[in-house]
Amino acid sequence: MSQKTERIAIEGMHCANCSALIQKMVGRMEGVQECSVNFAANNGTVTYDSDATSISQVIQTIVDLGYGATVIPKENRAAFDQERRAKEAAQHKHDLRLFVMSLALTCVIMIVSMTPLGMNLTMPLATAVYGADHTHEQMMLVMNVVCLVLTIPIQFVAGLRFYRGAWGALKARAANMDTLVAVGTTIAFAYSLYVTLSPTTAGTMAPFETSAMLITFVQLGKMLEARAKGRAGEAVEELMSLAPKIAHVHRAGEVVDLPADDLRVGDVVDVRPGEKIPVDGVVVQGSSSVDESMLTGEPMPQEKSTGDEVTGATINGNGTLGVRATRVGAESTLSRIVEMVEQAQGSRPQIQQLADRIAAVFVPAILTLGLVTFVGWILYAAGNGGIDGASFERALMAGVSVIVVACPCALGLATPTAVMVGTGRGAEQGILIKDGDALQEAGKIRRVVFDKTGTLTQGMPMVVGVAYGDEASEEDVIRFAAALEKGSEHPLARAILMYASEHDVEVPAGMVTDFEAKAGKGVVGRVDGELFGFGNERLVRDLTGAGLPAWCTEFASEGMGAHATTMYLVFASFGVAGAIAAADQAKQSAAEGVRQLREMGCEVYLLTGDAKGSARHVARQVGVEETNVMAEVLPGQKAERVAELIDVEHERLVAMVGDGINDTPALATADVGIAMSAGSDAALEVGQIVLMHDDVRDVAKAIALSKATMRKIHQNFAWALGYNLLLVPLAAFGILPPELSSACMALSSVSVVTNSLLLRRAKI
C-alpha cells in the first residue's frame, strides 16, 4: 500500500452540509482512508492509497458534486495562493455585481407591488395594452407581469448558484443549504406565477417580492460571510507574507535576481543589509546581526558569521551575508510552520462531531417541518371558515419562512471559524497547535510535567561561581582556563569563554603548546612555558600528587558549587590556583511560567534523568514542589511516570513538555504533548503543540488560548441553535415573513463568524 495525503482547495461550498456531503462521498471512494473538509477554510485533506485510487479521481468526484476543486501544491505555494486570491477576488466582484442587480430590481419590484407609486409607474403600460378604460383586474395583471419580468433575472441568474448546488446534492441523494434556498424561493416564485396567470386570482397582486427579497438577502449574507471567513484565515497569509519573493543567486559566475521559489539546495544567495533571508541555510561568507524575533521571539539580533545557520524570513542587519541553501520550498522552516497551522485549521476537533451529526439530519428535518407548517395552516383555515386565496398564501409563506430561516450555515461555521482564528492567534504568539483535538484538550490540562534539561533550563552549562587561592585572582583563573579551552568545542569550554567575554577578561593570544587531553580528567598544556592543567580532582592528583586544598573542598560542597560541575585550574609549579563551577541554569522565563500554571490550578512536575540534587536545585529555582520532582528516571521509564499521572475518571489531563529524543515516548503518552522548537526532530514530530519561542510561559498561554477558543465554540453553538429554536417557531406561526427570515438567516452566519473573530483580541 502506498499512502499519500493531499490538501485540496474547494470552491462553491455554502454551508456545513456542503462540506459534509463532500466528506461523505469522497470518504466512500475505494482506497480513500480519511477525508476531512473544512467549510470555513474552503479546503480539505484526503489520505488515500495511490495503488487503489488517484488524486485526479478524488478531484473529479468533488467536481461531479457541483464544486470546484484543485490540489494545493507543496511547492510554489506563493504563486498558487496568489492565483487563488485572484479567483476569489474575481468571484467577489461577480457576486457583488449580481447583488447590486438583485437589489436594484428588488427595490423596483417592491415599489411596483407595495406602494401607490407602482400603479402610477405602470399606468401608461396598462393604457397602451388595454386602452384608457382598462379594468382593475387588467391593471393588476400588468403590474404582476412587470414584477415577473423583473424577478426572472433574480430567480434564475442571481439564484443559479443555489440551483446548481441543490442539483449536485440531489445527485448525491443529499440536501444542503442550497436545497433550502432553491426550494423556498422556487415555491414563492411558482406561487406568484400562479397568482399572475390563474383566472381565479384575477385582480390579486402576486407576491414576487418574496422570492426576490429572499435571494437578495441570502446573497448579502453570503458576501458578508465570505468576507468574515477571509479574515479568519488571515494568520496563514500573514505568515506566508514573511517570505521574500526575490533572491540574489550566484549562477554561472554572476549574481542574478530569481524568484525565491526557484531556489535549489546548494544555491548560494547574497543577502544585503535590511533584506529578509530567502532560505534556510549556512553562512559561507560575511558576518552580520540577524533579527530572528519572528521565529524565536528573542528581541535582540543574533550575531552570525561563517558556519552559522540562518533561517528563511529572518531579517539581516547591517552586513552582507553569503548563504548556502540547505532547505528550500516545502522543507523550509517557514513552510513547515505554515503547514502546521493549515493542518490545525483544517482539522476537526471532537466537538465538531456534534455539529456534523446535527447537520446530517438538519436539512431534511427542516424541509419536513416546512411541509408540516404548510399543512397545519391549511387545516387551520379549513376549520375556520374554509380555504381561500389569502389563507393558502398565508400557509405557503409560513412554510417558506420556516425553510429559509433555518439555515445550517451558522452551525457549520461555529467550530471551524473558532479553530481557524484560535490556531492563527496561537501562531502569532509562537504557539503552533497541530490539530483541533490538541486545541480542545489543552484547556482541560490539570497536570504539567516538564523535562529539565533544555526545557526548564538553558540546556548548556554556564559559569555560576569562581573561587581562587592566595596566589591568584578571579581574572587569572578565568584567563588561563580560557586560554587552555579556547580551541575546544566542549560545552564547558564554551561556558568559560563566554564568561571571559562577558567580564572583559583578555585571553592570552599565544598558542598553547604541549596540549594534551586526559581522558576522564581534563586537559594540560603550556602557556608562555608554564605547565598547567584544567580538570577534575583526578587531574589535580596527577599534577600535584596531592588532593584538593580545604578551600576547594568547601567551594565544591557548599553554595552554588554543590549543584554544579566543578573544575580546577592547576599550576604544576605550585598547585591549585582556582576553581570554576558551571551548571545548567534555569531559563529566566521558567519560574514565571511555573507560577502562572499554578495560578491556573495546574499541578507542576519535574521529570529528569539527572541526579536528585541537581533536579531539586532546579525545582527550587523555578518553584516546583520537591514532592513533585521525579529524578534519575531512565528514558524508557519517563512514559510510565507520565501514564501514572493521567486521571481519566476526573478528567485531570496531563501535558508533557520536553525537547529531547528521550522525551518522545512521554510526549506521545501524555494527553497533550508540548515540544520546544529548539528540541530534536523526533520531539517536534510527536508533540501536538510546538512552542516556537522556547518560553516556558507559553505553556500557560496555550492553555489559556484553548479555554478561550472553546468558550467561543460553545457561544457559537448556543447562538446557532438558540437562533433556530427562537425563530423557527416565529416563522411557523406566521409572525416572521419570508423576506425577514432570509435577513435573519444571513445575520446568524455573520454573527457566528464575527464572534469567532473576537478571539483575535482575547487576552492570553
Side-chain angles (χ1 to χ4, degrees), residues 453 457-503 505-585 608-615 617-618 632:
T453 306
T457 67
Q458 301 285 353
M460 56 181 290
M462 300 178 65
V463 173
V464 294
V466 180
Y468 44 91
D470 295 336
E471 299 84 357
S473 65
E474 177 177 340
E475 186 174 337
D476 292 332
V477 174
I478 296 299
R479 177 187 296 111
F480 286 102
L484 198 59
E485 295 281 11
K486 67 181 179 181
S488 173
E489 289 298 321
H490 191 279
L492 187 59
R494 291 199 296 270
I496 293 170
L497 290 168
M498 183 183 299
Y499 188 86
S501 175
E502 291 173 350
H503 290 76
V505 176
E506 186 177 349
V507 181
M511 293 292 293
V512 176
T513 59
D514 298 333
F515 180 86
E516 182 181 0
K518 302 283 189 179
K521 300 178 182 179
V523 294
V524 296
R526 292 182 184 274
V527 175
D528 297 332
E530 178 77 28
L531 178 65
F532 67 101
F534 185 65
N536 57 25
E537 187 175 354
R538 294 173 61 189
L539 183 67
V540 173
R541 292 185 181 278
D542 284 354
L543 293 181
T544 66
L548 295 172
W551 63 267
C552 285
T553 303
E554 182 179 348
F555 174 74
S557 60
E558 298 179 5
M560 191 64 75
H563 308 289
T565 298
T566 303
M567 304 289 279
Y568 305 97
L569 181 69
V570 187
F571 281 82
S573 58
F574 63 83
V576 180
I580 299 176
D584 187 7
Q585 288 289 85
T608 180
D610 286 355
K612 292 181 180 179
S614 177
H617 173 67
V618 172
E632 300 178 359

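Sequence positions, counted from 1, serve as the residue numbers for this chain. Every value quoted in this text rests on a predicted model; they were computed, and no experiment measured them.
- Nearest heavy-atom pair across A495 and P461 is CB-O, 3.2 Å.
- Every residue meeting the side chain to side chain donor-acceptor pair (under 3.5 Å) condition with S473, not counting sequence neighbours, appears here in chain and number order: D476.
- Considering OG1 of T457 and CD of Q585, their distance stands at 9.0 Å, rounded to 0.5 Å.
- Remark: L484 CG to M567 CE distance equals 10.0 Å, nearest 0.5 Å.
- Taking each heavy atom of A481 and L569 in turn, the nearest pair found is N-CD1, 4.1 Å.
- Distance CD1/I580 to OH/Y468: 12.5 Å, rounded to 0.5 Å.
- Salt bridge annotation for R541-E537: present, with a cationic side-chain nitrogen under 4.0 angstrom from a carboxylate oxygen.
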So V507 and F480, side chain to side chain contact (heavy atoms under 4.5 Å, CB included) or not? Walk me through it. CA-CA 7 Å; V507 181; F480 286 102; over 6 Å; no
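- A side-chain donor-acceptor contact under 3.5 Å links T544 to the backbone of V540.
- Under the salt bridge (charged side-chain N to carboxylate O under 4.0 Å, His left out) criterion, D470 pairs with no residue, sequence neighbours left out.
- With sequence neighbours left out, L543 forms a side chain to side chain contact (heavy atoms under 4.5 Å, CB included) with V524, L539, V570.
- Residues passing the side chain to side chain donor-acceptor pair (under 3.5 Å) test with E506: none are found, sequence neighbours excluded.
- Atom CZ of residue R526 and atom CZ of residue F515 lie 14.0 Å apart, to the nearest 0.5 angstrom.
- Within 6.0 Å of the CZ atom in F571, the count of heavy atoms belonging to other residues, nucleotides or ligands exceeds 12.
- The distance between the ring centers of F534 and Y568 does not fall below 6.0 angstrom.
- E516 is linked by a salt bridge (charged side-chain N to carboxylate O under 4.0 Å, His left out) to K518, counting only residues two or more places apart in sequence or in another chain.
- Atom CG of D542 is separated from atom NZ of K521 by 3.5 Å, given to the nearest 0.5 angstrom.
- Every residue was checked against the salt bridge (charged side-chain N to carboxylate O under 4.0 Å, His left out) condition with E474, not counting sequence neighbours, and none meets it.
- Taking every heavy atom of both residues into account, A577 and A472 meet most closely at O-CB, 3.8 Å.
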